[in-house]
Structure formats: structure tokens, C-alpha cells
Student: 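Dropping a structure here in C-alpha cells format, bear with me for questions.
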Protein chains: 2
Amino acid sequence: MARSSTRKAPSIDIDGLLGKFESFLQRKSLKLTTQRRKILEKILEMDKTHFTADDLVDQFRNERPRVSKATVYRALSVLVEAEILEEHQFGDSYKVYELSEGRPHHDHLICTNCGKILEFFNEEMEKLQDKVAKGNGFHPTHHSQKIYGICAACWGKGVRA
Amino acid sequence: MARSSTRKAPSIDIDGLLGKFESFLQRKSLKLTTQRRKILEKILEMDKTHFTADDLVDQFRNERPRVSKATVYRALSVLVEAEILEEHQFGDSYKVYELSEGRPHHDHLICTNCGKILEFFNEEMEKLQDKVAKGNGFHPTHHSQKIYGICAACWGKGVRA
DNA sequence: GTTCGTGCAAAAACTTTGCATTATC
DNA sequence: GATAATGCAAAGTTTTTGCACGAAC
């Protein structure tokens, strides 16, 4: 992939997100820098449902002005605080991010063979989790549910657990 | 705690576990070393439902013969392979272990204030997870479900999310 | 005696931080 | 012009690894 191909139109409304980011930054007396804006743009351009800090750092490797690794990490945590990104840890040593904008809560199915991540939402499960938490005296705030297995494609290729 | 107090009788059958460990090691042509035995003993002595590699390393700080950090890490991964321990990642940067012996599958409630971990099991939830996985073409192997919130004790002290 | 395990310190992998410089408000 | 952000490299964390020596089978 030498040539960066036709720029794909981001499937998510950049202006809306930028607006949300700006108002968050303002509220916190933080600044909307060129880097922060570029980082948000890149996240949309990548158009990946899940990405790591390193994926994002890579995006700036041949780009000027450079955006340093430190800035990427710092921006990611601001974006999480702003509730623009969600942070996950799928059992590997690195964190995985996804846009939360316009994406209602969901959980994940992870293929242990190819690493593919599928999202799902199940109302009944949500209710059940609430019930379980309350039954144990907990006041639940959020949850993380991951189901690991072999995806259809891998299974089709004969991969077994 | 200068004096190591009355040695508490481990609540789990050490001989049974050691036997299981031995037969695993034999099957894999691995050796039952003094260190591996001591590590398993310490895990039982600690009698914590959940512990980290570092907790275990600490146990050997004033102990001779020393058991090195490297050995602890290596032993932990053998114990996980032997299905004597289960490994979890509760959203922090370190891994958490628990004895799997005699403890049927369960999931976790985690207090985001005090760090307390409660275990739960819900048959209905298990079935639902299976159904969701299969509905998405997945062949599930295992899952990890964590519900975060404020535990009863913290809530009672007025802690809110 | 062979093979595997250990201890040590160094490296690895991911993330965070200190500080002088630069950009934003 | 005050305050916050950046880049860089250095340091932090947790975990892994290379290697010479020692223990288990």
C-alpha cells in the first residue's frame, strides 16, 4: 500500500464530534490544538471499529507536522474523558479504543484465532446483569462482557479451539 | 507482622492440588522443583481469593531459599496451563490470579471504590451468553464478565459513582 | 548424565512523565 | 501574556528472556 488510496469519507460526522470535543475542552479550560484536532481526524479516517494507541501513532509516521507518541497517548485519555472514545482491555497487554459516538452500549465477541471482534447487544442480558449486581448489594455503573471463541470464518477453515 | 503467626490451615486440600500439579508436570515432562512446590504452598497459605504475581513475589522476600521473580512468573504460567489457576485482567495493568480448583466457573463484581471483588454465578446468564455467541456464528470457548460498581459497604459510607 | 529449571540482570512492551520550547486562548 | 500542550528522551510498570549454574529425573 504505497499510495494512500482515495480518501474514504468518514462514516461519522466529524463536525459534530469536533464540536463535542471543543465544548468539553472549553469546559475544562483545555486547548484545542492542531494535534488534538488531527488525532480526532485520523481516528475517523482510519475508520476502524477498534484501534490501539500504536495504530494511531503509526498514522503519523510519515506525516508532518509529526504528532508524537506522547501526544497521542495524552490525547487518547482526554478523548476518553470527553466520552468520545471508550477504552477496552481485551486480555492483551495493550488497550483498545473505539468511538462511542452514536454507538449505544454493546459488548464483544472475540475470535481467539484471528482476533476479529464482533459487537453485540442483548437487552435481556443487560437486565440480568443489573439484577445480579443489585442482588449482591452492588450499585452497578458499567460492565465489560467478553465472549471468546472461534468465529464462523475460522471455524469454516477447520480451526478448532 | 514480624512473626509469621500461627500457620493457618489452608482451606484447600494441598495434597490433592499437588497431585494434580505433579501429574500435569509428568505429562508434560516437566519437573516438580522445590520452588514450584513452595509457590503452590504459598498460594494456599496466602488464602486470598485473588492475588497478583507481585503479591506472590512478596511472600518470598524474607524467605530462604529465595524464589526469584522470574521463577514466580514462570510458575504462574505453568499453573494456569495446568488449570490450577485462572488468570484475569480486571482493567488494571496487572494480571490477577485465582485458584480454579473446586471452584466452578463464576464471574465477577468489582467495586470501583474499594477494589473488593465479589463472585457470582447465574445459570440464566450463562445460557444467554451461549445463545448470543451462537447467534453470531461463534463457537464460544470461555467468557469474561465483569460488572463494575459501588459495593454495599462503600455505598453505605456515602460513596457514589 | 541429560534435561529442565533457576537466579540474575538485562530487555521488552506499553504507557507515563519531566522539562524546555511552542501554541492557544 | 498567561496557561496549557508538545516533542523528546528518559523513566515507570509489569512481564519476559538469555545465559551460566544447579537441581530433578
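Lettering follows sequence order; numbering is per chain, from 1. All of these numbers come straight from a predicted model, not from anything done at the bench.
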Student: For atom OH of B:Tyr94, is the number of surrounding heavy atoms from other residues, nucleotides or ligands below 6.0 Å larger than 12?
Tutor: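 No, the 6.0 Å shell around OH holds no more than 12 heavy atoms from other groups.
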Student: Between atom CD in A:Glu63 and atom P in D:dG7, what is the gap in whole Å?
Tutor: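 A:Glu63 atom CD is separated from D:dG7 atom P by 13 Å.
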Student: For B:Thr141, which residues count as a side chain to side chain contact (heavy atoms under 4.5 Å, CB included) partner, sequence neighbours excluded?
Tutor: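 Testing B:Thr141 for side chain to side chain contact (heavy atoms under 4.5 Å, CB included), a comparison that skips the adjacent residues, returns A:Tyr148, A:Ala161.
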Student: What is the distance from NZ of B:Lys38 to P of D:dA24, rounded to the nearest Å?
Tutor: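 Going from NZ in B:Lys38 over to P in D:dA24 covers 12 Å.
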Student: Which whole-number value in Å describes the distance from A:Arg66 CZ to D:dA5 C1'?
Tutor: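 It is 16 Å, rounded to the nearest whole Å.
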Student: Just how far, in rounded Å, is P of D:dG7 from CZ of A:Arg61?
Tutor: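 One finds 14 Å between P of D:dG7 and CZ of A:Arg61, rounded.
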Student: Could you tell me the separation between the NZ atom of B:Lys69 and the P atom of C:dA10, rounded to a whole number of Å?
Tutor: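 In whole Å, C:dA10 P lies 13 Å from B:Lys69 NZ.
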Student: What orientation do B:His108 and B:His106 show, parallel under 30°, tilted 30 to 60°, or perpendicular over 60°?
Tutor: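 The arrangement is perpendicular - the two ring planes meet at more than 60°.
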Student: Within the structure, does a side-chain N or O atom of B:Tyr73 lie under 4.0 Å from either OP1 or OP2 of D:dT15?
Tutor: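 Answer yes for this pair, as a side-chain N or O of B:Tyr73 is under 4.0 Å from OP1 or OP2.
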Student: Quick test of your reading of the model: are B:Lys20 and B:Glu83 salt-bridged, counting only N-O distances below 4.0 Å?
Tutor: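 Result for this pair is no, no salt bridge flagged.
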Student: Under a 3.5 Å cutoff, is there a donor and acceptor pairing between the side chains of B:Lys69 and B:Thr71?
Tutor: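 No - no donor-acceptor pair under 3.5 Å links their side chains.
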Student: When the distance from CG of B:Leu56 to C1' of D:dT14 is rounded to whole Å, what number comes out?
Tutor: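 Distance, rounded to whole Å: 15 Å.
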Student: Mind listing the residues from residues 75-90 of chain B sitting with a heavy atom below 4.0 Å of DNA chain C? Number order is fine.
Tutor: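 None - not one residue of the stretch has a heavy atom sitting under 4.0 Å from the strand.
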Student: Check side chain to side chain donor-acceptor pair (under 3.5 Å) between A:His142 and all other residues, then give those that pass, not counting sequence neighbours.
Tutor: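 Partners of A:His142 under the side chain to side chain donor-acceptor pair (under 3.5 Å) test: none.
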Student: Run the salt-bridge test on B:Asp107 and B:Lys146 with the 4.0 Å N-O cut-off and return the result as yes or no.
Tutor: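 Not counted as a salt bridge, because no side-chain N and carboxylate O are separated by less than 4.0 Å.
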Student: Using atom types as modelled, flag every donor-acceptor pair under 3.5 Å from a side chain in residues 127-134 of chain A to any protein atom, sequence neighbours excluded.
Tutor:
residue  : atom : partner  : partner atom : Å
A:Gln129 : OE1  : A:His143 : ND1          : 3.0
A:Gln129 : OE1  : B:Gln145 : NE2          : 3.4
A:Gln129 : NE2  : A:Gln145 : OE1          : 2.9
A:Asp130 : OD2  : A:Lys134 : NZ           : 3.0

Student: Taking atom C1' of D:dA4 as reference, at what distance in whole Å does atom CD of A:Gln26 sit?
Tutor: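 From A:Gln26 CD to D:dA4 C1': 14 Å.
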Student: Measure the acute angle between the ring planes of A:His139 and B:Trp155, then classify it against the limits of 30° and 60° as parallel, tilted or perpendicular.
Tutor: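 Ring orientation of A:His139 relative to B:Trp155: parallel.
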Student: May I ask you to say what B:Thr52 touches in the nucleic acid, namely base, sugar-phosphate or nothing, with a heavy-atom cut-off under 4.0 Å?
Tutor: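 The answer is nothing, as B:Thr52 stays clear of every strand by at least 4.0 Å.
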Student: Does a side-chain N or O from A:Tyr94 land closer than 4.0 Å to OP1 or OP2 of C:dC14, or not?
Tutor: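 Answer no for this pair, as no side-chain N or O of A:Tyr94 is under 4.0 Å from OP1 or OP2.
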Student: For a quick test of reading the model, state the closest non-hydrogen atom pair linking A:Phe60 to A:Lys42 and the distance between them.
Tutor: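 A:Phe60 and A:Lys42 have their closest heavy atoms at CZ-CG, 3.3 Å.
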Student: Within this structure, what is the CD-to-C1' distance between B:Glu22 and D:dA24, rounded to whole angstrom?
Tutor: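 Result: 12 Å.
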Student: Give a yes/no on whether any side-chain N or O of B:Ser68 is located under 4.0 angstrom from OP1 or OP2 of C:dT6.
Tutor: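 Checking C:dT6 against B:Ser68, no side-chain N or O comes under 4.0 Å of OP1 or OP2.
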Student: Under 4.0 Å between a side-chain N or O of B:Arg36 and OP1 or OP2 of C:dG5?
Tutor: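 Looking at the OP1 and OP2 atoms of C:dG5, one of them is under 4.0 Å from a side-chain N or O of B:Arg36.
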Student: If you count heavy atoms of other groups shown closer than 6.0 angstrom to CD of B:Glu119, is the number above 12?
Tutor: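 Counting other residues, nucleotides and ligands, CD of B:Glu119 exceeds 12 neighbours.
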Student: Applying a strict under-4.5 Å side-chain criterion to I, L, V, M, F, W and Y, I'd like to know whether B:Val159 and B:Ile147 cluster together.
Tutor: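 In one cluster: no.
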Student: Please figure out whether A:Ile39 or B:Ala53 has its closest DNA chain D nucleotide nearer the 5' end.
Tutor: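 Of the two residues, A:Ile39 wins.
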Student: One character per nucleotide, please: for nucleotides 19-25 of chain C, 5' to 3', B when the base has a protein heavy atom closer than 4.0 Å, S when only the sugar-phosphate does, - otherwise.
Tutor: ----BBS
Student: Just how large is the angle between the end axes of the helix from C:dG1-D:dC25 to C:dC25-D:dG1, five pairs per end, to 10 degrees?
Tutor: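 Axis-to-axis angle, ends of the helix: 30°.
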